[in-house]
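Okay, structure first, notes after.
For clarity, every value in this text was computed on a predicted model and none was experimentally measured. Numbered from 1 within each chain, the chains take letters A, B, ... in sequence-line order. Values reported hereafter were calculated over all heavy atoms of this structure, with side chains retained and with hydrogens, waters and symmetry mates removed.
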There are 2 protein chains.
Amino acid sequence: MRSTAQNAELALLLEVAGTPKPGNVDRHRDHDDLRFEHFLAGAVGARPGLERAAAGEPLGESFRHAVEGMSEQRGGNTQFGAILLQLPLVAAAGVEDRQLSPESASAVVDATTVADAANFYRAFEAVDVAVDEPPEDMAALDVRRGSDAVPVLEERGLTLADITERSADRDGVAREWTEGFRRTFAAAESIASGEGPVADRAADAFLELLAAEVDTFVITQHDRATAERASERARAALDGDIDPDDLAAEFVAEGINPGTTADTVAAALFVALERGVEV
Amino acid sequence: MRSTAQNAELALLLEVAGTPKPGNVDRHRDHDDLRFEHFLAGAVGARPGLERAAAGEPLGESFRHAVEGMSEQRGGNTQFGAILLQLPLVAAAGVEDRQLSPESASAVVDATTVADAANFYRAFEAVDVAVDEPPEDMAALDVRRGSDAVPVLEERGLTLADITERSADRDGVAREWTEGFRRTFAAAESIASGEGPVADRAADAFLELLAAEVDTFVITQHDRATAERASERARAALDGDIDPDDLAAEFVAEGINPGTTADTVAAALFVALERGVEV
């Protein structure tokens, strides 16, 4: 039987293999400087950090370790958000003898510390992550400050759960942390109830997620109107009004990369594998 | 820095990602019951066994462990030969502080024991591997007997090196074991000196290897004439007389699957990664 960390790594691999996932690197599509093989190396590199989380080691340190390993390839940021979203689930599955549920994952979130937050900030030093300008009152907590922000975290006593809560309104991964991984578990259900190759089901789940809610990474890279149009196009693909492969070409042409939706799929795949979905 | 076992696992992933690799599952091609995602799960599952070999644990036991982990997916045999070919290299890189060379790998082969041979046979019980009928004088040592052959091994005092030597004339993986991993290191050189995505270079190495020598797995599945024609077609692809993608379609139509050549590429990728090729 695969270990918890093996399921997490396999979920990262199945996520990038699923195709078509319009706008993202997948089995059939590379971006210019970010290629399929970078995601393979990213998943392999992340594994020791995933193993730490599954073994019950501190979440922030496990995350930083996973991101540093993930970054040992030349594509840059491949799975930062996916790992962040997976990690409380991995910890819950690992330490709770695989009793993975929204409640057990949320309990992991609630138990995060200021040290976890500090390591989360340090992880940003390993790789360039595209993020929004923070609101004015959070400038001191801009993640791009990396470890320079740690004294502020400590002074204010902010845990990693506090940090994600402050970003939940503009970051879909943070929102999952604060809302009990609602979309992740729903997508896992969709993957588990599907038929055929698991990677194909993951690609279907991607379209369903994108159709249902705007991708916050698209908002970050473009604006809300673009993100809303992307979701509208995903609905058109689900309704059969446009071929998902054509939509993939359309998104590439427009530089639309629904990365947060892909992160959610990676976390959902992990939940599905833990619940017994067979590859 | 990736560990030795991480490089071995990544090599398995890059091998199956490389395209076109005519006749084999690759990033763009599935077989009916053997799909890309089975190779992803196979590579993830093999890792604990690869870790054992890198840590200097007995080769046969590490192999059996890797194959059992590899088999935890529904596609059947994905990387049996690739892991067998990688393993002495992984052990040499692991225990010799990464001084990987044909000599250090051959020293690992020479040091194998009867217990290693016994675990090699036991590994065949985890998964169906397509093999030839053995020569008459080796019927008692038919690998398909699995652990039933172990008393014979013990009685005759045969090590795993003895077993591979007996198969070297009809099995390309066994031949690498006995001939100092000649083709593996040559292909690693070719991959290291190439440019562009590593998986693309691996696909090039695949064609070069197949053009240079017949694939013994094609002989097993068909016959020598078919294998020779496959190599001839690979030469035509290298010469630009046929597009490799068209050759891939041709091989699929004819049921030609140069699996031993793919195994060699996986081992070569491991050597290349150990020697510093960057993804």
Side-chain angles (χ1 to χ4, degrees), chain A residues 1-19 25-51 68-75 78 196-203 269-270 273 276-279, chain B residues 1-19 25-51 68-75 78 196-203 269-270 273 276-279:
Chain A
M1 198 169 80
R2 274 187 298 272
S3 70
T4 300
Q6 280 178 305
N7 274 340
E9 187 197 355
L10 181 55
L12 295 175
L13 292 168
L14 290 170
E15 188 283 313
V16 73
T19 186
V25 171
D26 67 20
R27 186 171 166 189
H28 291 162
R29 284 167 196 84
D30 288 319
H31 293 167
D32 283 346
D33 297 321
L34 183 61
R35 293 188 307 266
F36 190 72
E37 65 184 39
H38 297 138
F39 285 79
L40 300 181
V44 169
R47 165 102 152 253
L50 297 169
E51 274 167 2
E68 286 170 359
M70 174 208 84
S71 305
E72 287 184 13
Q73 38 75 26
R74 297 184 292 181
T78 46
V198 177
D200 291 355
R201 300 187 225 167
L269 278 162
F270 169 69
L273 291 173
V277 165
E278 286 185 71
V279 174
Chain B
M1 198 169 80
R2 275 187 298 271
S3 70
T4 299
Q6 281 179 304
N7 274 340
E9 187 197 354
L10 181 55
L12 295 175
L13 293 168
L14 291 169
E15 188 282 315
V16 73
T19 186
V25 171
D26 67 19
R27 185 173 166 188
H28 290 163
R29 284 166 197 84
D30 288 319
H31 293 168
D32 283 345
D33 298 321
L34 183 61
R35 295 189 307 266
F36 190 71
E37 66 185 38
H38 297 139
F39 285 79
L40 301 181
V44 169
R47 164 102 153 254
L50 298 168
E51 274 167 0
E68 286 171 357
M70 173 207 87
S71 305
E72 287 184 12
Q73 36 76 28
R74 296 183 291 181
T78 48
V198 177
D200 292 355
R201 299 187 226 165
L269 278 162
F270 169 69
L273 291 172
V277 165
E278 285 183 74
V279 174

Contact origin within B:Arg35 toward chain A - heavy atom pairs under 4.5 Å: side chain

Closest non-hydrogen atom pair, A:Asp30 against B:Arg27: OD1-NH2, 3.0 Å

Contact listing (chain A partner; residues 11-18 of chain B; heavy atom under 4.5 Å): B:Leu13, B:Leu14, B:Ala17

Where A:Glu37 and B:Ala199 come nearest, the two heavy atoms and their spacing: OE1-N, 2.8 Å

Mutual orientation of the aromatic rings belonging to A:His28 and B:His28 [parallel < 30°, tilted 30-60°, perpendicular > 60°]: perpendicular

Residues that B:Glu68 engages under salt bridge (Lys or Arg N to Asp or Glu O under 4.0 Å), provided they are two or more places apart: B:Arg64

Residues which pass side chain to side chain donor-acceptor pair (under 3.5 Å) with B:Thr19, listed by chain and number, not counting sequence neighbours: B:Asp26, B:Arg29

Chain A contacts, top residue of B:Ala41, B:Pro197, B:Gly45 (heavy-atom pairs, under 4.5 Å): B:Pro197

Residues forming a side-chain contact (heavy atoms from CB on, under 4.5 Å) with A:Gln6, sequence neighbours excluded: A:Arg2, A:Ser3, A:Arg47, B:Val44, B:Pro48

